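Everything below concerns the one structure shown next.
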Amino acid sequence: PVFCVYRRGLWLLDYNRDGRPERTIEFGEAGDRPCVGDFDGDGAYELGVYRRLDDQRVELKIRTVSAEGQVDESTRSLIVPKGELVVGDFDGGGRSDIGWVSTGQSGALEWQLDFNADGVWDQTYEFGFPSDVPLAGDWLDTGRDNVGVYRQNHSGRTASHWFFRS
């Protein structure tokens with residue numbers, strides 16, 4: 001695994017985990033939010049950034065590298081409310097899907113997942129509270145990512161909690 005830091009359009013990659021990056025990639029701009037995923041299904045993770053364009057739209061840029069070393073950048077626009085992007089292989093199809101997490105009308109976190117990159121949400125449900133941090137991962141080691149939330153305890157009386165939806 002590679003340790004990676006994103007800072008103002010620079011990706012610092014530390015392959016041997018000695019605290020010093022062996023490679024720097026320029027991709028993105030100051031203010032962009034980073035994301036990573038296997039967006040093309042080749043078994044390797046690609047770099048991505050997203051930025052809010054206005055109150056209704058977010059732009060997602062993905063950087064892929066072919067087996068021959070050809071670098072390509074694709075851009076996708078999403079019409080979404082204020083919220084956070086989540087990335088995971090939610091349908092077990094072998095490539096990363098995108099999702100959007102925002103506060104729904106009921107006050108809970110609303111998760112919208114797009115399994116086939118067609119811009120249509122294939123699954124929508126509520127899970128978590130607006131103060132939770134949305135997460136995605138293969139918690140059950142099934143080859144399919146599920147969603148989760150991290151809930152920090154601000155009172156100091158009990159531990160913070162992780163909640164997973166399978």
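What you see is a predicted model, and the numbers here were worked out from it, not measured in a lab.
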Do the side chains of [Y] and [X] get nearer than 4.5 Å, heavy atoms only?
| X | Y | result |
| --- | --- | --- |
| Tyr45 | Val2 | no |
| Glu110 | Gln105 | no |
| Thr75 | Leu60 | no |
| Val36 | Tyr6 | no |
| Asn146 | Leu140 | yes |
| Asp122 | Phe90 | no |
| Leu78 | Tyr50 | no |
| Trp100 | Leu85 | yes |

Can you confirm whether Asp55 is buried at CG, in the sense that more than 12 heavy atoms of other residues, nucleotides or ligands lie under 6.0 Å from that atom? no
Taking everything shown except Gln123 itself, do over 12 heavy atoms lie less than 6.0 Å from its CD? yes
Rounded to the nearest 0.5 Å, how far does [atom2] of [Y] lie from [atom1] of [X]?
| X | Y | atom1 | atom2 | answer |
| --- | --- | --- | --- | --- |
| Tyr15 | Glu22 | OH | CD | 8.0 Å |
| Asp14 | Cys4 | CG | SG | 9.5 Å |
| Phe27 | Glu73 | CZ | CD | 5.0 Å |
| Asp145 | Asp138 | CG | CG | 5.5 Å |
| Glu84 | Leu135 | CD | CG | 11.0 Å |

Single-linkage hydrophobic cluster [X]~[Y], side-chain heavy atoms < 4.5 angstrom:
| X | Y | answer |
| --- | --- | --- |
| Leu47 | Ile62 | no |
| Trp111 | Tyr150 | no |
| Trp11 | Phe39 | no |
| Val58 | Val49 | no |

Using 4.0 Å as the upper bound for N to carboxylate O, is an ion pair formed by Asp38 and Arg95? no
For the backbone of [Y] and the side chain of [X], can you confirm whether one donor and one acceptor N or O come within less than 3.5 Å of each other?
| X | Y | answer |
| --- | --- | --- |
| Asp54 | Gln56 | yes |
| Thr103 | Leu109 | no |
| Asp72 | Thr64 | no |
| Glu126 | Ala108 | no |
| Trp162 | Gly148 | no |
| Gln112 | Trp121 | no |

Which pair of non-hydrogen atoms, one from [X] and one from [Y], has the smallest distance, and what is that distance?
| X | Y | result |
| --- | --- | --- |
| Gly99 | Leu113 | CA-CD2, 3.9 Å |
| Leu53 | Ser77 | CD1-OG, 4.0 Å |
| Arg151 | Phe163 | NH1-CE1, 3.3 Å |
| Phe164 | Phe127 | C-CZ, 3.8 Å |
| Cys35 | Val87 | CB-CG2, 4.0 Å |
| Val65 | Val71 | CG2-CG2, 4.0 Å |

Report the C-alpha separation of Glu26 and Leu10 in whole Å, then their side-chain angles, then the decisive distance to 0.1 Å, and conclude whether the side chain to side chain contact (heavy atoms under 4.5 Å, CB included) test is met. CA-CA 5 Å; Glu26 291 184 41; Leu10 290 178; 3.3 Å; yes
Side chain to side chain contact (heavy atoms under 4.5 Å, CB included) with Asp114: of Asp91, Asp97, Ile98, only one passes, and it is Ile98
Walk me through whether Ile25 and Arg63 qualify under side chain to side chain contact (heavy atoms under 4.5 Å, CB included). CA-CA 10 Å; Ile25 298 173; Arg63 179 186 184 274; 3.7 Å; yes
Step by step, work out the side chain to side chain contact (heavy atoms under 4.5 Å, CB included) result for Val80 and Arg52. CA-CA 9 Å; Val80 290; Arg52 181 147 296 278; 4.0 Å; yes
Within 45° of the axis and under 6.0 Å from the centre of the six-membered ring of Tyr125, does NZ or CZ of Arg165 qualify? yes
